[in-house]
Amino acid sequence: MALKKTRTMCTTCHARCGVLVYSDEDNRIVKIEGDPDNVKSKGVICGSGMSEREIHNNLEGRLLYPMKRVDWDPKGERNPENRGKSAFERISWDEAMDIIADECLRIKEAYGPEAIITGQGTGRVANHWHCRINSSLGLEGWSLVPTHVCLMPHILPNAFTLGVFSSAAGDMRNAHCAVLWGQNPAMETAWCKEVFKNQAAGITKLIVIDVRFQDMSKHADVALQPRPGTDAALALAFMHEIIEHGWYDPEFIENWTYGFDELAERVKDWTPERAAEICQVDADDIRLAAEYMGNWGPVGMCIGLGPGCMHTNAIQNGRAIACLQGMLGYLDVKGGIPVPLSFSVMLDDKITLWDSQKDPGRPELFTFGGEEHPLYKSFGRSNDPHAVFNAIITGEPRPVKAYIAIANDPLLCYENTNLTYQAMTSPNLDFVCVKDFYMSPTAKIADLVLPSADWSERYSYDEELDGNFLFTFDKAVDAPGECWCDWQFFLEWGKRIDPDNWWWNDVQEMVLWRMEEFYGFDLTWDEFQSEKYRSTEPGGKQGEVVEKKYEKGLLRPDGSLGFPTPSGRIEFWCESLAAFGYDPLPDFEEPAESPVSTPELAEEYPLVVVTGIRIYSFFHSAWTNTPAQRKMYPDPFVMIHPNDARRYGITDGEWVTVESRVGHMISKAYVTREIKEGVVGVPRPGWRDECKELGLPGYGWDKANGNVLIPSTPAEPGYGATPMRSSLVKIYPGRGDL
């Protein structure tokens, strides 16, 4: 039997690996393997990506058709009290899309567009089209996404400081000092083995900074385990050492930075001893790490969400790390920090329909929580989740009448889950719609449920996370049932709301339009498939990196030299942040809830919880029903240090309860020195789904979901980040009432 071979890209996680999918004449996936010709992933693919074969072939529990709750009539009785109780009936896509369009137009007319909340989860290659549909509805920005804690609080300090609107991930393959800060590439990327090879050859020093002693830590030349939420103190101490010893390029500082003297004065007192006491690490390790950063250039950093995202001091943590990167000076050079241009394409006005001449923070533009968190309103361009859920419940300051979730499970996604559940089941919501792969906890309480196509089953992809590469991708198999990719969903929705701005006939046309509009490639689909990859950079050949674009006038909109900041320089002193009430220089602020800042609360809740810990087989809350992934981690678990286990009477493998001031959850105890003493580590998945093939139960939204533990207030003042990785809990044996 001849097999069809398709080159495409896996989007199960943000690594975005190249894959080859082999399928048979019955539209079944026979084999998946890494693409050896993909210059980014180089043939690597993880178990999660390979389990796409199960996701496509095994349709047990898969959403296949649009379905409506039987006792929900958009033109009659809606019976909100029956959400999660009544059955669903199959309807057509035309009927489903007409319902969505009619509900949006009705609610917009009666209450205004802000009464419509469109929610999205992690990037599934459709972020930018989500923004476009919001613009078509009369909304500006994202409506509701978890960017208050996910990626954006890390990107934003880079944008303010470096003028780089991206995660500023380093070119780790060529770095002579590789710094992993809250990041474990061994779980998802190909380049970690090249770091090991360079390290063994004496070319590279490896520094790992993580509250966990993780896979990469055991290979590190320096491994630091700071107290959660203290990353700014560590970065300030690194800068102290680098300046004290002159481990920087004075010419680069003079020509391309702003506010260095003020920064030097700020870090003057941030000795390794001071930071060591705050971070609970060894001062000599701080000194050695700084020495490597200062003398083993180029320095590439790969920074995860933990340091500068999920804390009440997130922006200042991120600022300090961004300033450290700017001081080292390895911007847009081999082995340093590449500055990809394609990342900004995702939010270009030509896609989003935003008007860049309008200030998104202007007073007359209403957003939920915008007055309380003005930086989030202006740069997160989203409603604040806590404010949205309160508005659903109370109707204040304005009502919310519809929630449409795409690749998003709010009950597993947001902090303070009990509040989220109260909101999502409120009779004040006229309409709840969920588009997903399986019947998620939020889908179960929806009025309308829509089926999604996964990466092997669609033509859509984006180049957001591929640096300067534009990889070839294609649909490998037909989607089962009537599953639609998110691009097609947004296209059909847009045609019903704003047809003039949704003119494409299909998804392939949308892909090819973007290639021509932004990169100048006028191609047919077959012509697109004829090359494995292209460069997205002006003047770049296939895969060629154009270095030091700031010296060539390629970064600033007006073509002048420098970085895209107000001064054209790397801004250690940042007036733009000062305008939002921040210190113009980076500084350390103690987390709002910690043993130091709230000692009385710590008497009852003595441990710091770190939620969202990544484990090998899952990405976020998805796929806990998939046997190939679930069998690696059959039961929910939390990590606890042996000393803490003895202190609180915990035995390895037993059921325990973890409790905070806002909720509690159950899991099995994993007693390990992998986690720092005084910290409880909670993995991300939540184990929401039943896995029938393995006979394993699901735990829904409330039993093993770490977000149940996390308070939504107080939050980071300007941006609204919540303490998913630095709030207080206690732990005790047993399952309690769960």
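Under the 30°/60° scheme for interplanar angles, the aromatic rings of Tyr550 and Phe563 are found to lie parallel. The aromatic rings of Trp493 and Phe490 sit parallel, their planes meeting at an angle under 30°, below the 60° perpendicular limit. Using a 30° and 60° split on the angle between ring planes, Trp623 and Phe437 fall in the tilted class, from 30° to 60°. The aromatic rings of Trp502 and Trp129 sit tilted relative to each other, their planes meeting at an angle between 30° and 60°.
In this structure, CD on Glu52 lies 5.5 Å from CD on Glu457, to the nearest 0.5 angstrom. A distance of 5.0 Å separates CG of Asp466 from CZ of Phe471, quoted to the nearest 0.5 Å. Taken to the nearest 0.5 Å, the CD atom of Gln225 stands 9.0 Å off from the CD atom of Glu674. Within the model, atoms CD1 of Ile615 and CD of Gln629 stand 10.0 Å from one another, a figure rounded to the nearest 0.5 Å. Expressed to the nearest 0.5 Å, how far CG of Asp349 lies from OG of Ser356 amounts to 4.0 Å. Note that CH2 of Trp296 is 8.0 Å distant from OG1 of Thr204, once rounded to the nearest 0.5 Å.
Looking at Arg28 and Ser23, their side chains never come closer than 4.5 Å, going by heavy atoms from C-beta outward. Side-chain contact between Lys435 and Asp486: present, with at least one pair of heavy atoms (C-beta onward) separated by less than 4.5 Å. The shortest side-chain heavy-atom distance between Met172 and Leu180 falls under the 4.5 Å cut-off. Here the side chains of Val19 and Met50 are not in contact, with every heavy-atom distance at 4.5 Å or above. The closest side-chain heavy-atom distance from Phe473 to Val511 is below 4.5 Å. Taking the side chain as every heavy atom from C-beta outward, Leu450 and Trp93 approach each other to under 4.5 Å. For the pair Asn57/Ile29, a side-chain contact is recorded, criterion being any heavy-atom separation below 4.5 Å from C-beta on. Val208 is not listed as a side-chain neighbour of Phe213, based on a closest heavy-atom distance of 4.5 Å or more.
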Please step through side chain to side chain contact (heavy atoms under 4.5 Å, CB included) for the pair Asn174 and Asp171, ending with a clear verdict.
CA-CA 6 Å; Asn174 297 299; Asp171 173 18; 2.9 Å; yes
Run the side chain to side chain contact (heavy atoms under 4.5 Å, CB included) test on Trp354 and Cys131 for me, step by step, so that the C-alpha distance in whole Å, both residues' side-chain angles and the decisive distance to 0.1 Å come before the verdict.
CA-CA 8 Å; Trp354 294 348; Cys131 294; 3.5 Å; yes
Verdict with reasoning, Asp210 to Gln214, per side-chain hydrogen bond (donor to acceptor under 3.5 Å, both in side chains):
CA-CA 8 Å; Asp210 203 315; Gln214 37 108 321; 3.2 Å; yes
Show your working on side chain to side chain contact (heavy atoms under 4.5 Å, CB included) between Val299 and His176 and close with a plain yes or no.
CA-CA 6 Å; Val299 180; His176 289 176; over 6 Å; no
Steps toward side-chain hydrogen bond (donor to acceptor under 3.5 Å, both in side chains) verdict (Gln529, Thr472):
CA-CA 6 Å; Gln529 298 300 318; Thr472 298; 5.2 Å; no
Run the side chain to side chain contact (heavy atoms under 4.5 Å, CB included) test on Tyr292 and Val179 for me, step by step, so that the C-alpha distance in whole Å, both residues' side-chain angles and the decisive distance to 0.1 Å come before the verdict.
CA-CA 10 Å; Tyr292 289 151; Val179 181; over 6 Å; no
For the pair Gln488 and Tyr459, evaluate side-chain hydrogen bond (donor to acceptor under 3.5 Å, both in side chains) and give the outcome as yes or no after the intermediate values.
CA-CA 10 Å; Gln488 184 179 1; Tyr459 291 110; over 6 Å; no
side-chain hydrogen bond (donor to acceptor under 3.5 Å, both in side chains) between Arg62 and His56, intermediate numbers included:
CA-CA 9 Å; Arg62 180 93 183 257; His56 174 76; 5.1 Å; no
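The number of heavy-atom neighbours closer than 6.0 Å to NZ of Lys4, taken from other residues, nucleotides and ligands shown, is above 12. Summarising the local packing, CZ of Arg53 is surrounded by 12 or fewer heavy atoms from other residues, nucleotides or ligands at distances under 6.0 Å.
In this structure, the side chain of Asn134 engages the main chain of Gly141 through a donor-acceptor pair within 3.5 Å. Arg458 places no side-chain N or O within 3.5 Å of a backbone atom of Ser456 that could act as its donor or acceptor partner. In this structure a side-chain-to-backbone donor-acceptor pair under 3.5 Å is present from Ser143 to Thr118. No donor-acceptor pair under 3.5 Å is formed between the side chain of Arg725 and the backbone N or O of Cys309. Counting only distance, with no hydrogens or angles, the side chain of Thr161 and the backbone of Ala322 share no donor-acceptor pair below 3.5 Å. For His154 (side chain) and Leu305 (main-chain N/O), no donor-acceptor pair under 3.5 Å exists by modelled atom type. Although no hydrogens or angles enter the test, the distance criterion places no donor-acceptor pair under 3.5 Å between the side chain of Asp436 and the main chain of Ala407. Formation of a donor-acceptor pair under 3.5 Å by the Lys532 side chain with backbone atoms of Arg7 is not found in this model. Under a 3.5 Å cut-off, the side chain of Lys552 and the backbone N or O of Glu547 do form a donor-acceptor pair. Judged purely by atom type and a 3.5 angstrom limit, Glu517 has no side-chain atom pairing as donor or acceptor with the backbone of Arg514.
Taking the ring centre of Tyr22 as origin, the terminal cationic atom of Lys31 falls inside the region bounded by 6.0 Å and 45° from the ring axis.
Asn58 and Glu693 form a side-chain donor-acceptor contact under 3.5 Å, judged by distance and modelled atom types alone. For the residue pair Gln325/Tyr330, the side-chain donor-acceptor check at 3.5 Å is not satisfied.
For His148 against Pro153, the heavy-atom pair with the smallest separation is O-CG, 3.2 Å. The nearest pair of heavy atoms linking Thr611 to Gly706 is CG2-O, 3.9 Å. Of all heavy-atom pairs between His130 and Ile133, the closest is O-CG2, 3.0 Å. Closest approach of Leu20 and Pro36 over heavy atoms only: CD1-CD, 4.1 Å. Smallest separation of non-hydrogen atoms from Gly380 and Met152: CA-CE, 4.5 Å. Minimum interatomic distance between Ile45 and Gly49 (heavy atoms only, all atoms of both residues): CD1-C, 4.1 Å.
Two rings, from Phe379 and Phe160, have their centers less than 6.0 Å apart. Checked against the 6.0 Å centroid threshold, Trp191 and Phe196 do not count as a close aromatic pair.
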